Undergrad: 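Below you'll find the structure I mean.
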Amino acid sequence: MKIDLHSHTYFSDGQLSPTELLQRAHTMQVDVLAITDHDTVSGLEEAHAYQQTQKRPLTIIDGVEISTAWQGFDIHIVGLNVDCACSDFQAFLTAQKERRRQRAEKIAEKLSKCGFEGVLEKAVRLAGPGQITRAHFARVLVNQYGVSSMDSAFKKYLGKGKRAAVKAQWPAMAEAIEAISQAGGQAVLAHPAHYDMTTKWLRRLVDDFAQAGGHAIEAACPGMAAAKQSLIRELAQAHQLLASAGSDFHFPSRWTELGRNLGIANELTPIWHNWSQLPVDKEAL
Ligand code: AMP
Ligand code: MN
Ligand code: MN
Ligand code: MN
């Protein structure tokens with residue numbers, strides 16, 4: 001069974017619609033897909049409606065990826081199986097949207113001081129009904145202001161400490177874990193290898209995450225170095241965290257694909273081990 005528990009649509013900074021994402025998931029033979037847009041669950045309705053028209057089974061997991069703050073780092077917490085109807089959770093996401101809007105205005109002010117006028121309007125238009133992210137600013141800078149690449153837009157302007165960097169007022173990591181848990185979901189520490197921190201800090205992060213009631217850690221991220229993989233395996237076991245697996249797919253490219261290379265080490269317990277909504281795996285019978 002192919003399971004991918006981290007993906008994006010154009011309701012945040014992914015480039016595919018929920019329908020296109022599911023079409024790709026079908027093509028890639030994915031059986032279980034979590035849609036985890038940044039700070040929004042708005043793409044899920046279209047995804048479920050589309051899947052209902054399809055013959056090939058695919059289980060959609062209602063998910064989200066929440067931006068949080070921990071010790072000065074931006075830490076992403078994925079929520080899986082969240083109840084989108086939970087009113088406290090909706091209020092939490094509405095507050096995130098407002099934080100994103102305020103940060104976008106400040107980013108645009110800083111960019112105008114760098115000589116890029118009128119970026120906000122273009123980035124807002126590009127984001128459409130979804131959450132506005134730094135990736136939208138980066139795409140506008142590349143497509144309309146001659147910046148050479150997304151990577152360069154982050155390295156020169158949008159990345160931490162760069163000219164148009166703005167510290168967002170994200171909620172504390174523990175608050176996000178609490179909000180996800182209240183909505184009946186499971187909180188997953190996203191892409192632990194992608195934070196720019198030393199091993200010592202990563203140990204502290206996982207420790208605090210587990211203490212705050214976090215459920216699982218992404219233990220299968222494609223491209224992760226072997227040493228990092230084994231560190232994360234060790235931390236997951238030490239804190240009795242379940243293991244999640246996700247591609248963090250944003251758009252088709254040479255490097256990322258839905259459901260690819262997401263194997264979990266045998267000694268870890270997958271987060272889906274007791275999910276009742278999983279399809280029966282005929283091969284495993
Ligand atoms: P935000 O959540 O608004 O801070 O935006 C961060 C998003 O930008 C991440 O989720 C990534 O998808 C994207 N991103 C971060 N760094 C880079 C980079 N160097 N190149 C391309 N995209 C990036
Ligand atoms: Mn993203
Ligand atoms: Mn992330
Ligand atoms: Mn993501």
Side-chain angles (χ1 to χ4, degrees), residues 4-16 21 33-41 43 61 63-70 72-80 93 96-108 110-111 119-120 123-124 126-127 130-143 147-162 164-171 173 176 187-197 205 209 217-218 220-224 244-258 262:
D4 189 333
L5 300 178
H6 189 154
S7 70
H8 295 272
T9 75
Y10 66 22
F11 280 89
S12 64
D13 59 353
Q15 291 189 12
L16 305 184
L21 182 73
L33 179 71
I35 299 180
T36 56
D37 274 312
H38 296 286
D39 301 305
T40 181
V41 291
I61 303 296
V64 68
E65 181 175 14
I66 295 177
S67 298
T68 78
W70 177 81
F73 293 97
D74 278 8
I75 302 297
H76 289 179
I77 304 296
V78 162
L80 298 176
L93 295 182
Q96 289 290 81
K97 193 173 180 86
E98 181 57 21
R99 292 183 182 105
R100 284 191 169 275
R101 198 191 57 77
Q102 287 177 8
R103 184 185 62 158
E105 282 175 10
K106 290 185 190 150
I107 290 174
K110 288 199 169 179
L111 284 173
V119 183
L120 183 62
V124 166
L126 183 62
Q131 293 283 31
I132 189 155
T133 71
R134 283 182 295 163
H136 294 101
F137 281 99
R139 266 158 67 196
V140 167
L141 290 178
V142 172
N143 295 338
V147 173
S148 61
S149 67
M150 294 279 287
D151 207 37
S152 159
F154 275 91
K155 281 205 175 107
K156 283 194 186 140
Y157 305 106
L158 300 162
K160 194 173 177 180
K162 306 299 171 177
V166 174
K167 220 118 201 70
Q169 302 301 308
W170 300 131
M173 177 171 74
V188 183
L189 181 60
H191 42 65
H194 287 185
Y195 305 115
D196 192 11
M197 60 174 71
L205 170 64
F209 173 79
I217 185 167
E218 284 185 353
C221 307
M224 200 195 284
S244 188
S247 62
D248 202 4
F249 181 88
H250 283 71
F251 49 82
S253 81
R254 220 175 335 145
W255 299 280
T256 56
E257 188 51 82
L258 286 171
L262 293 175

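It should be emphasised that the depicted structure is a prediction, and the values quoted were computed from it without experimental measurement. Atoms within each ligand, like the ligands themselves, are counted from 1 in listed order.
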Undergrad: If the condition is ring pair (Phe, Tyr, Trp, His ring centres under 6.0 Å), which residues does Phe73 pass it with, not counting sequence neighbours?
TA: Trp201
Undergrad: For the backbone of Thr36 and the side chain of His8, can you confirm whether one donor and one acceptor N or O come within less than 3.5 Å of each other?
TA: yes
Undergrad: Asp4 side chain to His6 main-chain N or O, any donor-acceptor pair under 3.5 Å?
TA: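 Such a contact is found between Asp4 side chain and His6 backbone.
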Undergrad: Go through the structure and list residues passing side-chain hydrogen bond (donor to acceptor under 3.5 Å, both in side chains) with Gln15, not counting sequence neighbours.
TA: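 For Gln15, no residue satisfies side-chain hydrogen bond (donor to acceptor under 3.5 Å, both in side chains) once neighbours in sequence are set aside.
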Undergrad: Checking His250 side chain against Asp248 main chain: does a donor-acceptor pair fall under 3.5 Å?
TA: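 Answer holds: yes.
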Undergrad: For ligand 1, what are the residues with a heavy-atom contact below 4.0 Å?
TA: Asp13, His38, Arg100, Arg103, Thr133, Arg134, Ala135, Met150, Asp151, Phe154, His250
Undergrad: Does any N or O in the side chain of Ser12 come within less than 3.5 Å of the main-chain N or O of Gly130, such that one atom is a donor and the other an acceptor?
TA: no
Undergrad: Between Lys160 and Asp196, is there a salt bridge with N-O shorter than 4.0 Å?
TA: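 Here Asp196 does not pair with Lys160 in a salt bridge, since their nearest N and O are not under 4.0 Å apart.
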Undergrad: I want to check something: taking the side chain as every heavy atom from C-beta on, are Lys156 and Val147 in contact at a cut-off of under 4.5 Å?
TA: no
Undergrad: Stepwise, does the side chain to side chain donor-acceptor pair (under 3.5 Å) test hold for Ser67 with Arg99?
TA: CA-CA 10 Å; Ser67 298; Arg99 292 183 182 105; over 6 Å; no
Undergrad: Taking the Mn ion (ligand 4) as the centre, how many protein N/O/S atoms fall inside a distance shorter than 2.8 Å?
TA: 4
